[in-house]
Each structure stands twice: as C-alpha cells, then as structure tokens.
Amino acid sequence: MIDRQSGLRSALKVGGLVAVLVLTGCAATKQRAPVEDRTTSPAATRSSAAAATEAPKVLPGAENAGKPGYYTVKPGDTVIRIGLESGQNWRDIVKWNALENQNLIEVGQVLRVVQPGVDPTQAGVRPVVPPRVETRPLEPRSPTAAAAGSPASVVPSTAASASASAASSAAATAAAKDNDSDINWAWPSGGTVVAGFDDARSNKGLSIGGKAGDPVLASAEGRVVYAGSGLRGYGNLIILQHNGGYLTAYAHNQTLLVKEDQAVRRGQKIAEMGATDSDRVQLHFEIRKQGKPVDPARLLPPR
C-alpha cells in the first residue's frame with residue numbers, strides 16, 4: 001500500500017515537471033515570434049526608390065561651365081573675390097547675372113564675368129582711339145601760285161598719304177598690344193618691401209612695411225570698385241579699376257578714405273596703413289590684369 005502511494009506521488013511529480021517544461025517551451029516559442037521589420041516596409045522601399053531616381057539639382061548657368069567669359073563658383077568664393085579674380089567690378093557681376101542677393105551663390109554655380117555682347121578674349125583691352133588730326137586754316141596763295149595750278153601744290157602726294165596711313169595703323173596696333181604704356185604707375189607707399197611677389201607661394205603682390213597711419217596712395221588714376229572688409233584675408237580693403245583691364249588692391253588698412261564708385265587720382269591718399277586681418281602693420285599691394293596677378297615690381301618705377 002505504501003509502495004503504491006509512493007509511486008503515485010512520483011508519477012505526479014513527473015507529470016508536473018512535464019507540464020512546466022511544456023509551458024516553458026510555449027513561452028520560449030512566443031519570444032521567438034518574428035518581429036516586423038519596418039525599415040523594409042513597402043512605403044520605405046518606394047521612398048528609397050524615388051530618392052534614387054530623383055534627378056540631380058541643376059545649378060544656374062551650368063550649361064556655360066568652361067566657356068570663356070564664365071566662372072564656376074568654388075568653395076569659399078564670394079562675389080567680391082570673383083570680381084578680383086576676374087578683373088571685374090563685383091557690382092557688374094551681380095547685374096550681369098541678375099543676382100537678387102550677392103551673398104547667396106552656390107558651389108558649382110556658373111557666373112558671367114564678362115559684359116554681355118563683349119568678346120571674352122578682348123574684354124580687358126581698351127578701344128584704340130584714332131590719332132587726332134590737327135586742322136589748320138589754309139594760307140591764301142599768291143596769284144602766281146594759283147595761276148601755276150601745280151597738282152603737287154594742291155593734292156597731297158599718294159605716297160605720303162599711304163605712308164601716314166601705315167604709320168597710324170602701326171601705332172594703333174602697338175597701342176592695342178601694349179596697354180602697360182597707357183598707365184603711369186606709382187608706388188602706393190614709401191615703406192620698405194618686406195615680402196616680394198611669389199605666386200607659387202600664394203603671395204600675389206608686394207608686402208610693404210610701415211607704421212600704423214602711414215599714407216596709402218593710389219598707384220594710378222582709376223575708380224574705386226570696392227571699399228570694405230568683406231574679403232577674408234585682406235582686412236580693410238580697397239580695389240581700384242584702371243584702364244587696360246587692370247585692378248589694384250590695397251589690403252590691411254586701418255582706415256579707408258574713399259568710397260565705391262569714386263574717381264581717384266594717381267598719388268591720392270586713399271587709406272591709412274594698418275594691421276586688419278594681419279599679424280603686423282603692412283600694406284599688401286596687388287596689381288592684376290584681367291584678374292591674373294602680375295608682379296608689381298615689373299610695372300612700378302625704380303626707386
């Protein structure tokens with residue numbers, strides 16, 4: 001009897017253990033139930049496909065990229081810098097490209113930097129002015145001379161006319177090829193040159209030393225196309241535009257004494273030397289022809 005009771009209790013224990021195992025297995029099965037992957041939902045798939053097939057953004061002027069007379073905006077560019085690099089007045093660039101805000105340009109955008117209707121290869125060349133012909137009143141001829149009526153005394157020699165025409169043409173051609181002779185350059189400061197032109201090392205002009213407040217002079221007759229501090233690395237800056245596609249830049253000033261669109265004379269005081277955006281008092285002076293830096297020492301007169 002006792003043995004049967006013990007066996008019954010053992011059977012109940014085994015049955016209970018089996019029930020526990022079954023319940024545990026069910027719970028484990030529920031934990032392993034598949035979870036919905038929302039990242040691969042149909043809506044997300046359609047959105048990804050639409051993004052992949054979306055056409056790239058076309059920037060203004062992209063069709064003109066690489067053409068003469070156009071400039072592709074690079075990182076860090078501003079309209080003022082583009083004007084300096086292209087040898088143009090930044091306000092003209094704004095007008096030629098109908099920019100509503102000159103501060104909103106995008107990398108890769110293509111801007112016109114030559115006046116519409118102008119040949120880009122001739123954009124910086126001054127028009128050749130024909131030589132002025134001096135007119136004098138004819139002196140009255142004596143009756144004897146009138147009676148003689150010599151053709152040589154009345155009609156200019158054909159050979160002389162041809163010679164004068166050839167000389168005028170040669171002079172005009174020489175003037176068109178050499179615009180440097182049209183500008184009478186002067187030193188913008190009496191200080192000592194502390195760093196010379198070295199385009200390979202990004203020194204695109206002369207660094208002229210001095211003390212704060214020293215006068216900064218216009219190197220040639222021209223017009224102010226920029227006066228401000230909107231070009232990083234130049235501090236308080238003045239840019240003048242001259243004949244023949246030339247610009248001059250005067251950087252790091254402590255005081256600016258001229259305004260945009262103001263005409264200036266050669267040797268006129270336009271600023272006072274300073275150290276804005278520089279680690280020392282100096283004048284950084286550049287001469288650019290059609291935007292390309294040239295060594296000022298080649299154009300300035302000997303000291």
Side-chain angles (χ1 to χ4, degrees), residues 43-125 199-205 222-242 245-253 256 258-262 276-278 284-294:
T45 303
R46 289 193 298 270
S47 177
S48 300
T53 58
E54 184 179 353
K57 180 180 180 181
V58 179
L59 294 173
E63 69 278 6
N64 296 316
K67 294 181 181 179
Y70 291 88
Y71 180 95
T72 301
V73 178
K74 304 188 298 292
D77 274 341
T78 64
V79 175
I80 298 167
R81 182 176 292 278
I82 293 171
L84 184 62
E85 295 289 340
S86 62
Q88 299 289 359
N89 185 333
W90 69 274
R91 293 186 182 276
D92 288 337
I93 295 176
V94 170
K95 180 176 63 176
W96 295 338
N97 294 277
L99 299 179
E100 295 181 0
N101 186 340
Q102 70 268 19
N103 298 317
L104 297 179
I105 56 176
E106 301 181 69
V107 174
Q109 182 176 351
V110 180
L111 299 175
R112 174 184 286 276
V113 292
V114 172
Q115 183 177 354
V118 173
D119 182 354
T121 62
Q122 303 294 324
V125 179
D199 199 14
R201 296 186 178 182
S202 297
N203 189 19
K204 302 181 184 300
R223 183 171 297 277
V224 182
V225 294
Y226 181 74
S229 57
L231 196 56
R232 175 179 288 184
Y234 285 81
N236 291 331
L237 170 69
I238 291 174
I239 301 176
L240 302 182
Q241 190 170 40
H242 311 279
Y246 281 95
L247 294 180
T248 52
Y250 311 74
H252 306 309
N253 305 289
L256 305 181
V258 291
K259 299 179 180 180
E260 289 186 18
D261 205 36
Q262 178 179 337
T276 55
D277 220 355
S278 172
H284 175 74
F285 174 67
E286 295 182 9
I287 297 179
R288 294 182 178 236
K289 184 172 185 180
Q290 297 182 15
K292 182 180 180 181
V294 297

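- Minimum interatomic distance between Val258 and Ala227 (heavy atoms only, all atoms of both residues): O-CB, 3.8 Å.
- To the nearest 0.5 Å, the span separating OH on Tyr250 from CG on Leu256 amounts to 13.0 Å.
- In this structure, Leu84 CG and Leu247 CG are separated by 6.5 Å, a value rounded to the nearest 0.5 Å.
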Test log, rule side-chain contact (heavy atoms from CB on, under 4.5 Å), inputs Thr78 and Leu231:
CA-CA 8 Å; Thr78 64; Leu231 196 56; 3.9 Å; yes
Verdict with supporting geometry, Asn203 and His284, side-chain contact (heavy atoms from CB on, under 4.5 Å)
CA-CA 9 Å; Asn203 189 19; His284 175 74; 3.5 Å; yes
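- For the atom pair CZ (Arg91) and CD1 (Ile80), the distance works out to 9.0 Å, reported to the nearest 0.5 Å.
- The CG atom of Asn253 lies 7.5 Å from the CG atom of Leu237; values are rounded to the nearest 0.5 Å.
- Remark: Asn101 pairs with Asn103, Leu104 by the side-chain contact (heavy atoms from CB on, under 4.5 Å) rule, at least two apart or across chains.
- Residues Asn97 and Ile105 have side chains not in contact (no heavy-atom distance under 4.5 Å, counting atoms from C-beta outward).
- Of all heavy-atom pairs between Arg81 and Gly76, the closest is NE-O, 4.2 Å.
- Partners of Asp277 according to the salt bridge (charged side-chain N to carboxylate O under 4.0 Å, His left out) rule, which considers only residues two or more places apart in sequence or in another chain, do not exist here.
- Taking both residues in full, the closest heavy atoms of His252 and Gly235 are given as ND1-N, 4.3 Å, listed atom of the first, atom of the second, then distance.
- The side chain to side chain donor-acceptor pair (under 3.5 Å) contacts involving residues 229-240 comprise Tyr234-Glu286, where partners must be two or more places apart or lie in separate chains.
- Between the CG atom of Asn89 and the CG atom of Asp261 there is a distance of 8.0 Å, given to the nearest 0.5 Å.
- Residues that satisfy the ring-ring contact (aromatic ring centres under 6.0 Å, His included) test with Tyr71, not counting sequence neighbours, are absent from this structure.
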Please test Thr248 against His242 for side-chain contact (heavy atoms from CB on, under 4.5 Å), starting from the C-alpha separation and ending with a verdict.
CA-CA 8 Å; Thr248 52; His242 311 279; 2.7 Å; yes
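- Contact between Asp77 and Lys74 at its shortest, heavy atoms only, is OD2-N, 2.7 Å.
- Counting only residues at least two apart or in different chains, side chain to side chain donor-acceptor pair (under 3.5 Å) contacts with residues 58-70 comprise Asn64-Lys67, Tyr70-Arg112.
- Side-chain contact check for Leu111 versus Leu99: some heavy-atom pair is nearer than 4.5 Å.
- Interatomic distance, NZ of Lys292 versus NZ of Lys204, reported as 10.5 Å (0.5 Å rounding).
- For Glu106, the salt bridge (charged side-chain N to carboxylate O under 4.0 Å, His left out) partners are Lys57, not counting sequence neighbours.
- Of all the heavy atoms in Gln109 and Pro60, the pair that sits closest is CG-O, 3.5 Å.
- With Gln88 contributing its side chain and Val113 its backbone, the two residues share a donor-acceptor pair below 3.5 Å.
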